[in-house]
Amino acid sequence: MTETDPHRPAAGLSADPIAEGARARAHGRPRDACPYPLNSPERTAWLEGYDGSPADRAPDQPLANG
């Protein structure tokens with residue numbers, strides 16, 4: 001019996017945590033379904049993909065009405 005790493009994507013899937021996070025959101029998975037440990041770079045990347053925005057960039061300002 002072989003052991004598999006639960007954090008490693010299945011064969012044929014992207015090894016990119018950003019793409020994994022975006023795919024999770026597209027499939028309706030909750031944000032807290034991130035498989036990576038707290039404070040890891042992979043978790044930050046996964047959440048960037050899920051949220052659709054880079055963690056190191058300030059949020060966009062709202063558009064002015066008018």
Side-chain angles (χ1 to χ4, degrees):
M1 177 180 237
T2 63
E3 292 185 37
T4 58
D5 182 353
H7 302 297
R8 183 175 299 259
L13 295 179
S14 170
D16 178 17
I18 294 173
E20 291 175 12
R23 190 169 36 257
R25 182 176 183 149
H27 288 284
R29 294 181 60 202
R31 192 173 190 271
D32 64 356
C34 178
Y36 297 103
L38 289 174
N39 302 319
S40 69
E42 292 85 4
R43 183 178 186 87
T44 300
W46 193 95
L47 294 172
E48 284 179 2
Y50 189 91
D51 294 337
S53 63
D56 62 350
R57 193 182 99 194
D60 292 336
Q61 295 295 316
L63 297 174
N65 291 335

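These values consider heavy atoms only, across backbone and side chains, with no hydrogens, waters or symmetry-generated copies. In what follows, residues are counted from 1 in the order of the sequence shown.
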Review point. Can you find a heavy atom in the side chain of Cys34 that is under 4.5 Å from one in the side chain of Tyr50?
Key: no

Check your understanding: Sub-3.5 Å donor-acceptor pair from the side chain of Arg43 to the main-chain atoms of Leu38, do we have one?
Key -> no

**Study point:** CD on Glu42 to CG on Asp16, rounded to 0.5 Å
**Key:** 11.0 Å

Check your understanding: About how many Å separate CZ of Arg31 and CG of Asp51, when rounded to the nearest 0.5 Å?
Key -> 4.0 Å

